[in-house]
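Worksheet: the structure to be examined is printed underneath.
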Amino acid sequence: MTRSIALIDCNNFYVSCERVFRPDMAGWPVVVLSNNDGCVISRSNEAKALGVHMGEPWFKLRSFAEQHHVEVFSSNYALYADMSNRVMSVLSGFSPLQEIYSIDECFLDLTGMHDIGNTGFAIRQRIWDWLSMPVCVGIASSKTLAKLANHVAKKHPKSRGVFDFNALNDKQLASVLSHIDVREVWGIGRNLTVSLNGMGIDCVQQLKDADITMMRRKFGVVMEKTVRELRGEACLDLDDIAQPRQQIVSSRSFGNTVTALEDLEDAVTHFVSTAAYKLREQQSVAGMLMVYARTDRFSHKKQYMPSISLPLVYPSANTMTLVALAKAGVQQIYQAGYAYKKAGVILGDISAQGITQKDLFFDHTATDKLMETLDSLNMRYGRNMIRVSGTTKERKWAMRQEHKSQDYTTSWSGLPECR
DNA sequence: TCTCCGATTAGAC
DNA sequence: CTAACGGTCTAATCGGAGA
């Protein structure tokens with residue numbers, strides 16, 4: 001039986017999240033900015049039509065945006081994560097096999113269900129009715145094709161938001177794939193597009209028809225799988241069990257550069273706290289901590305981007321242990337006289353909590369209990385209610401966020417009536 | 001010469 | 001007035017160090 005894999009993708013997700021609570025902005029150009037109000041990371045269709053590009057720096061766009069009455073929001077990740085959970089939860093009602101691929105999209109295995117075309121429309125309708133979130137649905141026999149089907153659903157109004165490749169005959173499918181640029185294929189990025197174009201491969205159908213042995217030799221396993229998937233041969237399984245992350249990163253560009261060691265220490269303390277919390281959430285411990293800092297990469301001044309890797313004798317998820325280590329690291333890499341624009345920490349060598357080798361003298365009970373208590377207090381009374389103390393009173397490094405919306409769904413004070 | 005491992009590259013969103 | 005350009009994650013590959 002041909003597999004029917006659906007890829008459900010929210011339309012302009014961050015913008016749509018903001019609009020759920022600002023229905024007055026329907027039909028208006030709206031953009032959401034990255035952290036630090038740096039650049040555009042989500043655009044409404046109206047903003048796209050005005051020629052606002054993905055990744056465009058806000059400072060370059062600002063006056064144009066004001067002139068054309070583009071509404072702008074800073075990123076509100078608490079809101080987007082919460083909306084994502086709701087969307088995923090509703091979608092899980094349509095199939096027992098769901099892979100949450102990213103914050104705004106998931107795969108559902110619909111194989112064997114009857115009237116799959118109508119299921120696509122039902123999914124779209126329910127997410128709209130229950131959550132006011134617009135989504136598009138692509139259906140096909142492999143994940144890579146499902147992604148392309150979704151692309152078609154997004155681009156062509158005639159599809160009314162749902163497109164099923166399995167409902168086409170060979171000739172129709174070939175015609176559709178001949179009209180899609182090869183760069184739209186999942187896994188074909190900027191560089192591969194240039195290489196493929198150089199070989200005369202411009203549309204998806206040409207990639208599908210390419211010689212597998214040659215493609216494998218030239219580009220490797222991933223490309224081979226991509227070509228096979230385009231032919232309808234499912235090489236990528238639906239991963240319905242979320243794997244623990246192998247690496248956890250917490251980093252930020254600063255709203256303003258900092259020069260003092262204590263400001264860097266303060267920032268790093270904050271980053272370690274965030275990363276260690278995520279580590280405990282997935283019940284892991286880290287065996288390696290890397291700390292880095294860097295000057296402004298867009299400035300013409302002399303660049304400095306030190307980093308240091310610090311192994312942990314006993315892998316840990318204890319915020320205080322990790323903060324102490326990270327601070328020692330910052331002190332080692334810090335050089336006076338530079339204006340630091342960004343810093344971050346990376347937790348690596350991650351393993352499952354409770355399986356690592358410890359020796360006779362290692363006593364973990366006291367501190368781990370403390371972390372549990374800290375996490376449950378913060379869960380109950382709000383993130384950062386209890387935290388490891390920083391080194392400075394004032395966060396000189398805090399990011400810019402001049403257009404942030406309320407925490408509509410995650411905080412009582414964010415409800416419009418309570419303002 | 002081989003293997004391991006950290007660094008780099010490429011891609012996704 | 002000026003300066004202002006994101007964050008997390010994975011897999012594959014490269015290249016140097018040490019066995």
Side-chain angles (χ1 to χ4, degrees), chain A residues 7 9-15 31-43 52-63 65 72-77 80-81 84 99-107 143-144 147 150-151 154 182-196 216 218-226 236 239 242-257 271 274-275 278-279 282 287-288 290 292 294-301 305 307-311 339 341-350 399-402:
Chain A
L7 187 268
D9 192 319
C10 300
N11 301 350
N12 318 326
F13 183 59
Y14 295 169
V15 160
V31 299
V32 173
L33 303 179
S34 63
N35 277 324
N36 216 25
D37 290 348
C39 43
V40 173
I41 53 170
S42 183
R43 307 159 292 159
V52 177
H53 295 293
M54 190 65 164
E56 205 169 335
W58 173 236
F59 75 88
K60 286 186 179 172
L61 185 71
R62 195 172 183 159
S63 66
V72 56
F73 289 95
S74 304
S75 294
N76 184 346
Y77 285 104
Y80 311 149
S84 174
E99 175 184 339
I100 298 173
Y101 176 70
S102 75
I103 194 163
D104 78 324
E105 65 189 279
C106 79
F107 292 99
K143 288 166 95 175
T144 305
K147 283 237 159 217
N150 188 282
H151 171 79
K154 277 229 170 81
V182 74
R183 99 185 77 188
E184 305 295 343
V185 175
W186 193 27
I188 306 299
R190 223 184 1 202
N191 292 17
L192 283 174
T193 299
V194 172
S195 305
L196 291 173
R216 159 121 205 195
K218 226 170 148 85
F219 298 103
V221 239
V222 178
M223 179 67 85
E224 176 178 349
K225 283 187 180 171
T226 299
L236 307 171
D239 238 336
Q243 295 303 308
R245 276 168 295 191
Q246 302 171 24
Q247 191 179 55
I248 292 173
V249 181
S250 177
S251 69
R252 282 286 176 281
S253 292
F254 304 147
N256 293 108
T257 56
F271 300 148
T274 305
K278 288 186 189 170
L279 191 63
Q282 64 169 31
M288 196 276 296
M290 185 174 98
Y292 70 91
R294 62 160 307 147
T295 47
D296 185 348
R297 70 195 174 103
F298 294 101
S299 144
H300 297 300
K301 290 181 189 158
M305 37 196 148
S307 72
I308 187 170
S309 277
L310 306 155
K341 178 65 177 174
K342 179 176 179 175
V345 303
I346 301 173
L347 300 179
D349 280 354
I350 290 177
M399 66 176 173
R400 260 191 297 275
Q401 265 193 324
E402 289 170 8

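Within every chain, numbering begins at 1; the chains are lettered A, B, ... in the order of the sequence lines, protein sequences first and strands thereafter.
Closest to the side chain of Asn35(A), out of dA12(B), dG7(C), dT8(C), is dG7(C). In this structure, of dG6(C), dA12(C), dA4(C), it is dG6(C) that holds the atom nearest to the side chain of Ile41(A). Of all nucleotides listed (dA4(C), dA11(C), dG11(B)), dG11(B) comes nearest to the side chain of Asn191(A). In this structure, the nucleotide among dC9(C), dT8(C), dC5(C) sitting nearest to the side chain of Cys39(A) is dC5(C). Across dC5(C), dG11(B), dT10(C), the shortest atom-to-atom separation from the side chain of Arg245(A) is found for dT10(C).
Proximity of Arg252(A) to the phosphate of dT8(C): a side-chain N or O atom is located under 4.0 Å from OP1 or OP2. A sub-4.0 Å separation between OP1 or OP2 of dC5(C) and a side-chain N or O of Ser253(A) is absent.
Distance Arg294(A) CZ to dG7(C) P: 11 Å, rounded to the nearest Å.
Using a 4.0 Å heavy-atom cutoff across all strands shown, Asp37(A) reaches no nucleic acid atom at all. Within the nucleic acid shown, Arg62(A) has no heavy atom closer than 4.0 Å to any nucleic acid atom.
dC5(C) has Phe298(A) stacked on its base ring, the centres lying under 5.5 angstrom apart and the planes within 30 degrees of parallel.
No side-chain heavy atom of Asn36(A) sits less than 4.5 Å from a side-chain heavy atom of Arg252(A). At a threshold of 4.5 Å between non-hydrogen side-chain atoms, the residues Ser75(A) and Val32(A) count as touching.
Taken from CZ in Phe13(A) to OH in Tyr80(A), the straight-line distance is 9.0 Å, to the nearest 0.5 Å.
Ring orientation note: the planes of Tyr14(A) and Tyr77(A) are nearly perpendicular, at an angle over 60° on the 30°/60° scale.
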